[in-house]
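Accompanying notes for the structure given below.
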Amino acid sequence: MTEFTLRLLNIIRNIPYGKVVTYGRVADIAGNPRAARQVVWVLKIYSDKYELPWYRIINSKGRISLKEGQGFELQKALLEEEGIIVEDDGSINLRRYLWSGVF
DNA sequence: AACCTGACTTCGG
DNA sequence: TCCGAAGCCAGGT
């Protein structure tokens, strides 16, 4: 895999418990703010293999992107287990839970 | 090399 | 606030 993809993996692995971050932000930290779709690809391919905290990543609107019946419920539950308040429509208060990317 | 895919993002209307 | 279009990435075929 590419250097960039490797950076994405490391960043994803470091998202703190109880925090969320957007796809675009992850890509941004890795060096390319326009590679949000690559983040999605990485999650699809490596979530299981590397036990990535995939559920801590949401879209730029501050909402869960997965659709009902296709992971939405699971992601919502996992986030709530970490103390994050998730509205019924999947929206999350970014001002409160967004991870800046700074360790 | 062309074309497709995916849990995206931004911009306009 | 809700679409639709266009732009973008790397990998797989």
Side-chain angles (χ1 to χ4, degrees):
Chain A
M1 70 180 97
T2 65
E3 191 67 30
F4 181 68
T5 296
L6 206 50
R7 286 205 295 279
L8 289 178
L9 281 172
N10 288 321
I11 292 168
I12 294 171
R13 275 194 282 240
N14 283 304
I15 303 172
Y17 176 99
K19 288 291 184 179
V20 295
V21 63
T22 66
Y23 299 92
R25 184 67 186 126
V26 171
D28 187 20
I29 297 171
N32 186 339
R34 293 175 293 185
R37 311 197 69 162
Q38 181 59 10
V39 175
V40 173
W41 184 85
V42 168
L43 293 181
K44 293 278 289 186
I45 304 298
Y46 301 111
S47 280
D48 291 333
K49 187 172 182 179
Y50 297 125
E51 300 184 337
L52 303 176
W54 59 270
Y55 53 87
R56 297 186 185 138
I57 304 179
I58 60 180
N59 62 39
S60 64
K61 300 170 194 162
R63 301 176 51 166
I64 289 176
S65 276
L66 292 174
K67 297 173 183 174
E68 293 180 40
Q70 297 186 61
F72 175 90
E73 295 83 352
L74 175 60
Q75 181 167 16
K76 182 172 182 291
L78 289 171
L79 289 174
E80 293 178 326
E81 278 181 32
E82 300 194 345
I84 295 176
I85 296 175
V86 183
E87 303 302 316
D88 291 338
D89 67 354
S91 61
I92 296 167
N93 187 322
L94 291 181
R95 291 208 299 175
R96 180 174 181 183
Y97 303 108
L98 183 65
W99 176 51
S100 64
V102 180
F103 301 105

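Lettering follows sequence order; numbering is per chain, from 1.
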Qualifying residue, where the test is side chain to side chain contact (heavy atoms under 4.5 Å, CB included) with S65(A) and the options are I57(A), I58(A), N59(A): N59(A)
Any donor-acceptor N or O pair under 3.5 Å, side chains R7(A), N10(A): no
Given DNA chain C, 5'-ward residue of the pair T2(A) and R63(A), judged by closest heavy atom: R63(A)
From CA spacing to verdict: side-chain contact (heavy atoms from CB on, under 4.5 Å), I85(A), Y97(A): CA-CA 9 Å; I85(A) 296 175; Y97(A) 303 108; 3.4 Å; yes
Give the rounded distance in Å between these two atoms: [atom1] of [X] and [atom2] of [N].
{"X": "D89(A)", "N": "dA7(B)", "atom1": "CG", "atom2": "C1'", "value": "16 Å"}
{"X": "W54(A)", "N": "dC8(B)", "atom1": "CH2", "atom2": "P", "value": "13 Å"}
{"X": "I92(A)", "N": "dA7(B)", "atom1": "CD1", "atom2": "C1'", "value": "13 Å"}
{"X": "L74(A)", "N": "dA7(B)", "atom1": "CG", "atom2": "P", "value": "14 Å"}

Heavy-atom pair of closest approach, residues Q75(A) and Y55(A): NE2-O, 2.9 Å
T22(A) vs dC8(B): side-chain N/O to OP1/OP2 distance below 4.0 Å: no
With rounding to the nearest 0.5 Å, note down the distance linking [atom1] in [X] to [atom2] in [Y].
{"X": "E3(A)", "Y": "L8(A)", "atom1": "CD", "atom2": "CG", "value": "11.0 Å"}
{"X": "I64(A)", "Y": "E73(A)", "atom1": "CD1", "atom2": "CD", "value": "9.0 Å"}
{"X": "M1(A)", "Y": "W41(A)", "atom1": "CE", "atom2": "CH2", "value": "7.5 Å"}

Integer angstrom distance from the P of dC8(C) to that of dG12(B): 16 Å
L66(A) vs K61(A), nearer the 5' end of DNA chain B by closest nucleotide: L66(A)
Contact residues, residues 27-50 of chain A to DNA chain C [heavy atom, < 4.0 Å]: N32(A), R34(A), A35(A), R37(A), Q38(A), W41(A)
Where at least one partner belongs to residues 22-33 of chain A, residue pairs that pass side chain to side chain donor-acceptor pair (under 3.5 Å), sequence neighbours excluded: R25(A)-D28(A)
Within 6.0 Å of CG in D48(A), more than 12 heavy atoms from elsewhere: no
Terminal contacting nucleotides, 5' and 3', DNA chain C versus chain A (heavy atom, 4.0 Å): dG7(C) to dG11(C)
